[in-house]
Engineer: 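This is the structure I want to talk about, given as structure tokens.
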Amino acid sequence: MGTYGSHAKELNNYLSTIKPKTLVLNGDIIDAWQFRKSYFPKAHLRVIQRIIGMASKGTKVYYITGNHDEILRKFSDMTMGNFSLVDKLVLELDDDKKAWIFHGDVFDASVQHSKWIAKLGGLGYDYLILMNRFANWCLAKLGREPYSFSKKIKASVKKAVKFISDFETTATDLAIEKNYDYVICGHIHEPKILTKENKHGSTLYLNSGDWVENLTALEYHKKRWKLYSYTHTNFTEEENLFEMEDILTSQMLSNIILKK
């Protein structure tokens, strides 16, 4: 929340269709790195209100801190009613298996040792997603399929591909060492479910993706994991146009404020 690339409306729609016993928010829910008073639309606020409402009705909500909302880590291990703020989480599921859940920025050297570079990259990513959404709106008007700039860049840069592979290997190796059946991460924006093995054993690696470009979530139901992927079929062209105008208007207001 608080970024131009956030699909808050879609996320709110998704949350309105589920009634989970447990809801895990795996980091970077609010972007404190780029937070500005000039841009926090009603759609973003409605997501927060929705989550609070779910907690008030009995859903156990775990907010796991990430790198973009790392400022909250000074309050970690805080619990208020059904809401808990933590840095990592171990859940014992219905199948008597354990899920180890954390954001994953601990494996990212650029975040740990060169935060200004990471923050600059985050700002560039935000504007890339904004341009991508405008381009996809134009493509939709022409009846063309959407296109992801960031996925194309990641797939074409060998270092990015290696980073993702190394990230998954590091997470799963640690999970196997700690005897966890599932390891669930976020951070790298690569939604995935796959079994990973090494000489010591195996574990199921899961990544929840994001609600910026992938619009994905992980669901656990009847002892099975599913990767949910949101589609835009529930939205009219007029709603998409209104959303784009809202983003561009907020961008112009932000520029005016910054210039002043």
Engineer: Does a sphere of radius 6.0 Å around CD1 in I71 hold more than 12 heavy atoms from other residues, nucleotides or ligands, not counting ones at 6.0 Å or beyond?
Structural biologist: no
Engineer: Which pairs of donor and acceptor atoms, one on a side chain in residues 220-227, lie under 3.5 Å apart (sequence neighbours left out)?
Structural biologist:
| unit_1 | atom_1 | unit_2 | atom_2 | d |
| --- | --- | --- | --- | --- |
| Y220 | OH | D95 | OD1 | 3.4 |
| Y220 | OH | D95 | OD2 | 3.4 |

Engineer: Tell me the salt bridge (charged side-chain N to carboxylate O under 4.0 Å, His left out) pairs involving residues 168-180, sequence neighbours left out?
Structural biologist: E168-K192
Engineer: Angle between ring planes, W100 versus F102, binned at 30° and 60°: parallel, tilted or perpendicular?
Structural biologist: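 It falls in the tilted class, 30° to 60°.
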Engineer: Is there a donor-acceptor pair under 3.5 Å between the side chain of T169 and the backbone N or O of D166?
Structural biologist: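 No.
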Engineer: Do the side chain of N214 and the main chain of G209 share a donor and acceptor less than 3.5 angstrom apart?
Structural biologist: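 Not a single qualifying donor-acceptor pair exists.
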Engineer: Can you tell me which residue pairs pass the ring pair (Phe, Tyr, Trp, His ring centres under 6.0 Å) test with a partner in residues 41-62, sequence neighbours excluded?
Structural biologist: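 Listed by first then second residue: Y39-H44, F40-H44.
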Engineer: Any link between L11 and Y230 through a network of hydrophobic side chains (Ile, Leu, Val, Met, Phe, Trp, Tyr) touching at under 4.5 Å?
Structural biologist: yes
Engineer: Scan L91, V86, V90 and name whichever one has a side chain to side chain contact (heavy atoms under 4.5 Å, CB included) with I101.
Structural biologist: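 Answer to the side chain to side chain contact (heavy atoms under 4.5 Å, CB included) test with I101 among L91, V86, V90: L91.
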Engineer: Is the shortest heavy-atom distance from the side chain of L206 to the side chain of L194 under 4.5 Å?
Structural biologist: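 Not touching, per the 4.5 Å side-chain cut-off.
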Engineer: Please check this pair: side chain of N12 against backbone of K9, looking for a donor-acceptor N/O pair closer than 3.5 Å.
Structural biologist: no
Engineer: Is it the case that atom NZ in K98 sees more than 12 heavy atoms from other parts of the structure closer than 6.0 Å?
Structural biologist: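 At most 12 heavy atoms, drawn from other residues, nucleotides or ligands, come within 6.0 Å of this atom.
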Engineer: Can you tell if the side chain of T195 reaches within under 4.5 Å of the side chain of T203, non-hydrogen atoms only?
Structural biologist: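 Result no, sub-4.5 Å side-chain heavy-atom pair not found.
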Engineer: Would you name the heavy atoms of D69 and G66 that are closest together and state the gap between them?
Structural biologist: OD1-N, 2.5 Å
Engineer: Please check: side-chain N/O of S6 versus main-chain N/O of T3, any donor-acceptor pairing under 3.5 Å?
Structural biologist: no
Engineer: State, yes or no, whether a side-chain contact exists between I64 and D87 at a heavy-atom distance under 4.5 Å.
Structural biologist: no
Engineer: Short question: side chain of T65, backbone of L72 - any donor-acceptor pair under 3.5 Å?
Structural biologist: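 Such a contact is absent between T65 side chain and L72 backbone.
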Engineer: Sequence neighbours excluded, which residues qualify as side-chain contact (heavy atoms from CB on, under 4.5 Å) partners of I18?
Structural biologist: Y14, L15, P20, M54, E219
Engineer: Check whether any side-chain heavy atom of N82 lies under 4.5 Å from a side-chain heavy atom of T59, and answer yes or no.
Structural biologist: no
Engineer: Could you walk me through whether D210 and H189 pass the side chain to side chain donor-acceptor pair (under 3.5 Å) test, one step at a time?
Structural biologist: CA-CA 6 Å; D210 59 61; H189 300 249; 2.6 Å; yes
Engineer: According to side-chain contact (heavy atoms from CB on, under 4.5 Å), who are the partners of H200, at least two apart in sequence or on a separate chain?
Structural biologist: I176, N198
Engineer: Determine whether a donor-acceptor pair (N or O, by modelled atom type, separation under 3.5 Å) exists between the side chain of N67 and the backbone of E70.
Structural biologist: no
Engineer: In the structure I gave you, are the side-chain heavy atoms of L204 and V183 within less than 4.5 Å of one another anywhere?
Structural biologist: no
Engineer: Within the structure provided, determine whether T22 and V24 are in side-chain contact (heavy-atom separation under 4.5 Å).
Structural biologist: yes
Engineer: Can you check whether Y180 reaches T172 side chain to side chain, under 4.5 Å on heavy atoms?
Structural biologist: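 No, too far: nothing below the 4.5 Å cut-off.
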Engineer: If a pair satisfies ring pair (Phe, Tyr, Trp, His ring centres under 6.0 Å) and one of its residues is in residues 71-99, list it, with sequence neighbours excluded.
Structural biologist: none
Engineer: Over all heavy atoms of both residues, which pair between Y205 and C185 is shortest? Give the atoms and the distance, please.
Structural biologist: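 The answer is CE1-SG, 4.3 Å.
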Engineer: With a 4.5 Å cut-off on side-chain heavy atoms, are K60 and K21 touching?
Structural biologist: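 Sidechains of K60 and K21: no contact.
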Engineer: Looking only at atom types and distance, does a side-chain atom of W211 sit under 3.5 Å from a main-chain N or O of T216, one as donor and one as acceptor?
Structural biologist: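 Present.
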Engineer: Judged by atom type as modelled, is there a donor-acceptor pair below 3.5 Å linking the side chain of H103 to the main-chain atoms of G186?
Structural biologist: no
Engineer: Whether the side chain of D31 engages the backbone of M1 through a donor-acceptor N/O pair (distance < 3.5 Å, no angle test) should be reported.
Structural biologist: no
